[in-house]
Enquirer: 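Quick one: the structure is below, questions incoming.
All residue numbers in this chain count up from 1 along the given sequence. No hydrogens, no waters, no symmetry mates; every other heavy atom, side chains included, goes into these values.
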Amino acid sequence: MATSSYFAFLTALSVFAALFAIVYQAYLASNDLKRLTTILQNLKNLEHQYPVHRPRVAIGYGSCSDLYVKAVNFLNFSESLEKFLQQKTFNVDDITTEEDFLQSFAYYFQRGAAAERFTVNKELFQKLVNSAKKSSAAEPRWALGGNAPVIGSRLAAEGAEVLLGAKMSSKLKSHLRSDITLTGSLITDDDIHLILEYKTGDEWGTLRTPRANRYILHNDHHNPFLSSLEEFEQGLQEFNPHLFVVSGLQMMDNYVYEPGVRENLLEKVSNQMQSQSSDTLIHFEMASFVELELLELLLQHVVPYSDSIGMNEQELDNLRQVLETGKISLVADCNPRVAQSLDQARAVLRILNEDYFKNHVTDPSRRMLSRIHLHTLAFQAVLVVGGSKWNHTKNAAAKASLTAHRHVCASQIVNPDAAYRLLDDSFASSMQDGAIRIPFSDEDPVSCWNETLAISEQQHQLDVEICVAPVLICKVAKQTAGAGDNISGAGLILQI
């Protein structure tokens, strides 16, 4: 009898514990939802604090037609690929065969890293495109693509007057906003980018990805030659932009040119940048680069004449590695800590401005790097040098954060139920000993503070404002390609 009562008591206790756990989880979920709602409202308040006065923005170069597919439904995972992935080292960027392509995709997929790669094999690329178009399981869809058109479309939607340097077919142009001025002539065949998207936790064979992202493969023949460059120049002369955006140069990565052709093209880009008025701000949108020679050319011809650089965590790590070690970084932590990312951004800001102070007397066209915008899954970070022409850093970080959610969720409405936050309730400002901790506030969700950055060349110091905004991460990613372009455009519109 006593044993029966004992088991009855245990049963009742177990039921109570289960009910308590359910109620407690509901309580936590309710609190999380309340916090997210408060954070969202305060981010919106910052986003709409200042009006946009229709700035003129010129942006190049190029365009393409994007073909989106669901990666895990499109690709076949084989036993031979699984054996290959067990190797410790392998090349993932020289794509000439289908096996090369699958190995490259697998490398980035299992790390949740964004990648954009060129294949020299036109027949392979066309085969993949044809297969993608016919694959109902992969749910193929077409969209206007290319960094310049996507950034330009975002800026136009936010109120800017946009001059776009690109060539496209009449069919593709029909997808371009009517209020964007296209300088390039019409062509018959657009470059195509095959975009393989995947969600957090997607499984492909034995591989599982830690976050939503995309892998892009292309075989461009217009964009690597910046075919819109000359016609864009004609439009620029009368446009007198407030902002000039340079993008799409990753299309030159790994492309085989005749000797001197690529450097000559980048010299023309550099000349366009240097010909801009000192009142015109210049932003360079980084991308996924794997060829050291191209990055070195960019550091010679493009970066020194830029006021601002925009990039994600992979691109920031790559740029820092090249500047500090002269080596490429293929992949980085897909969800880095704030302190780590800020230290990398500081290093880039310091090294590039040391170069500026060293050379600007003999090369007066050089510009001080006065802005870095880092966009990651969990947060937006904007660093601005004091006394520069960039405005409203805190508001720009907030707008960039909201745009990240809207784009990835493919919805203009930010629903707290469809979001979660990864940014901690406090974070270190640096990995260095003695670094301050920055508290997070729901009522004031964009954390901003000022620092002094020492520049060794001639003992210069830069006052830097740093703002970090949490991203309300979309729980179910609808699209990841183009996120960085939309985020960068949204951040820029409030700062010019």
Side-chain angles (χ1 to χ4, degrees), residues 43 46-47 50 55 57 59 114 147-148 150-152 154-155 158 160 242-250 281-288 298 302-303 306-320 332 336 338 340-350 352-353 367-386 388-408 423 446-449 451 453 462 464-471 482-496:
L43 286 172
L46 287 168
E47 178 186 32
Y50 297 103
V57 181
I59 179 167
N147 301 96
V150 175
I151 296 175
R154 170 52 55 191
L155 286 163
E158 300 294 347
H242 296 99
L243 173 69
F244 179 30
V245 180
V246 176
S247 68
L249 300 185
Q250 74 275 16
L281 290 165
I282 299 179
H283 172 81
F284 173 47
E285 188 67 17
M286 281 284 291
S288 181
L298 294 174
V302 175
V303 173
S306 303
D307 297 286
S308 168
I309 303 178
M311 52 201 150
N312 65 23
E313 70 282 353
Q314 308 289 329
E315 295 150 11
L316 172 62
D317 183 71
N318 197 17
L319 180 57
R320 179 194 61 85
V338 176
Q340 176 189 5
S341 294
L342 291 182
D343 281 345
Q344 291 178 334
R346 291 183 186 97
V348 169
L349 195 63
R350 175 180 51 79
L352 291 179
N353 279 322
R367 296 183 176 224
M368 176 189 292
L369 181 64
S370 53
R371 180 181 183 271
I372 289 178
H373 181 182
L374 170 65
H375 40 89
T376 79
L377 176 69
F379 61 90
Q380 303 289 317
V382 184
L383 293 79
V384 168
V385 174
S388 64
K389 299 174 184 176
W390 303 104
N391 301 309
H392 314 316
T393 306
K394 186 171 189 173
N395 308 82
K399 188 172 186 63
S401 169
L402 292 170
T403 302
H405 178 98
R406 290 170 182 143
H407 179 82
V408 175
L423 189 66
V446 181
S447 304
C448 296
W449 66 97
E451 296 182 357
L453 185 67
L462 297 179
V464 181
E465 180 184 23
I466 301 176
C467 289
V468 175
V471 174
D485 294 331
N486 277 275
I487 292 166
S488 283
L492 286 165
I493 193 69
L494 290 184
Q495 293 211 263
I496 54 179

Enquirer: Rounded to the nearest 0.5 Å, what separates atom CD1 in Ile151 from atom CG in Leu492?
Expert: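 CG of Leu492 is found 7.5 Å from CD1 of Ile151.
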Enquirer: Is a side-chain N or O of Asn353 found less than 3.5 angstrom from the main chain of Leu349, in a donor-acceptor match?
Expert: yes
Enquirer: Only counting residues at least two apart or in another chain, list the ones meeting side-chain hydrogen bond (donor to acceptor under 3.5 Å, both in side chains) with Ser308.
Expert: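 Applying side-chain hydrogen bond (donor to acceptor under 3.5 Å, both in side chains) to Ser308 gives His283, Arg371.
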Enquirer: Side chains of Leu43 and Ser401: does their closest heavy-atom pair fall under 4.5 Å?
Expert: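 Heavy-atom side-chain distance check passes, below 4.5 Å.
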Enquirer: Mind checking what makes side-chain hydrogen bond (donor to acceptor under 3.5 Å, both in side chains) contact with Glu313, not counting sequence neighbours?
Expert: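 For Glu313 the side-chain hydrogen bond (donor to acceptor under 3.5 Å, both in side chains) partners, ignoring immediate neighbours, are Arg211.
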Enquirer: Leu453 and Arg346: which non-hydrogen atoms are nearest, and at how many Å?
Expert: CD2-O, 4.0 Å
Enquirer: The criterion is side-chain contact (heavy atoms from CB on, under 4.5 Å); which residues satisfy it with Arg320, sequence neighbours excluded?
Expert: Asp317, Glu324, Gln344, Ala347, Val348
Enquirer: What's the spacing between Leu281 CG and Ser306 OG if we round to 0.5 Å?
Expert: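 One finds 11.0 Å between CG of Leu281 and OG of Ser306.
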Enquirer: Tell me, with the steps shown, if Asn147 and Val150 meet side chain to side chain contact (heavy atoms under 4.5 Å, CB included).
Expert: CA-CA 5 Å; Asn147 301 96; Val150 175; over 6 Å; no
Enquirer: Of the non-hydrogen atoms in Ile309 and Leu352, which two are nearest, and what is the gap between them?
Expert: CD1-CD1, 4.0 Å
Enquirer: Treating Asp307 as the side-chain partner and Leu369 as the backbone partner, does any N or O pair qualify as donor plus acceptor under 3.5 Å?
Expert: no
Enquirer: If you measure from NE2 on His392 to CG on Leu494, what distance do you get to the nearest 0.5 Å?
Expert: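 Atom-to-atom, His392:NE2 and Leu494:CG are 7.5 Å apart.
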Enquirer: Looking at every non-hydrogen atom in both residues, tell me the closest pair between Ser341 and Leu374 and how far apart they are.
Expert: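 Of all heavy-atom pairs spanning Ser341 and Leu374, the closest is CB-CD2, 3.4 Å.
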Enquirer: Between Phe244 and Ile59, is a side chain to side chain contact (heavy atoms under 4.5 Å, CB included) present by the stated rule, with each step listed?
Expert: CA-CA 6 Å; Phe244 179 30; Ile59 179 167; over 6 Å; no
Enquirer: Spell out, as yes or no, whether a donor-acceptor pair under 3.5 Å connects the side chain of Gln314 to the backbone of Ala332.
Expert: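 Here the side-chain-to-backbone pair exists.
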Enquirer: Only one of Lys399, His375, Arg406, His407 clears side-chain contact (heavy atoms from CB on, under 4.5 Å) with Ile487; which?
Expert: His375
Enquirer: Are Val246 and Glu285 close enough, and set up right, to give a side chain to side chain contact (heavy atoms under 4.5 Å, CB included), and what steps lead you there?
Expert: CA-CA 6 Å; Val246 176; Glu285 188 67 17; over 6 Å; no
Enquirer: To check you understand the geometry: which heavy-atom pair defines the closest contact between Trp449 and Val468, and what is its length?
Expert: CH2-CG2, 3.9 Å
Enquirer: To the nearest 0.5 Å, tell me how far Leu316 CG sits from Ile372 CD1.
Expert: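 The CD1 atom of Ile372 is 7.0 Å from CG of Leu316, to the nearest 0.5 Å.
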Enquirer: To the nearest 0.5 Å, what is the distance between CG on Leu462 and OG on Ser370?
Expert: 10.0 Å
Enquirer: For the backbone of Leu155 and the side chain of Glu158, can you confirm whether one donor and one acceptor N or O come within less than 3.5 Å of each other?
Expert: no
Enquirer: List the steps, then state whether side chain to side chain donor-acceptor pair (under 3.5 Å) holds for Asn318 with Glu315.
Expert: CA-CA 5 Å; Asn318 197 17; Glu315 295 150 11; over 6 Å; no
Enquirer: Among residues at least two apart in sequence or on other chains, which ones pass ring pair (Phe, Tyr, Trp, His ring centres under 6.0 Å) with His242?
Expert: none
Enquirer: How would you list, by chain and number, every residue that makes a salt bridge (charged side-chain N to carboxylate O under 4.0 Å, His left out) with Glu465, sequence neighbours excluded?
Expert: none
Enquirer: Measure the shortest side-chain to side-chain distance between Lys394 and Leu46 over non-hydrogen atoms and say whether it is less than 4.5 angstrom.
Expert: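 SC-SC contact between Lys394 and Leu46 confirmed.
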Enquirer: Name every donor-acceptor pair, under 3.5 Å, that has one atom in a side chain of residues 377-386 and the other anywhere in the protein, sequence neighbours excluded.
Expert:
| from | atom 1 | to | atom 2 | distance (Å) |
| --- | --- | --- | --- | --- |
| Gln380 | OE1 | His373 | NE2 | 2.8 |

Enquirer: I need the Asn486 CG to Thr403 OG1 distance, nearest 0.5 Å.
Expert: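 So the CG of Asn486 and the OG1 of Thr403 are separated by 7.5 Å.
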Enquirer: Give the minimum heavy-atom separation between Val446 and Ala397, together with the two atoms involved.
Expert: CG1-CB, 4.0 Å
Enquirer: Mind running side chain to side chain contact (heavy atoms under 4.5 Å, CB included) on Leu298 and Phe284 for me, showing each step along the way?
Expert: CA-CA 10 Å; Leu298 294 174; Phe284 173 47; 4.2 Å; yes
Enquirer: Over all heavy atoms of both residues, which pair between Val57 and Ala160 is shortest? Give the atoms and the distance, please.
Expert: CG2-CB, 3.9 Å
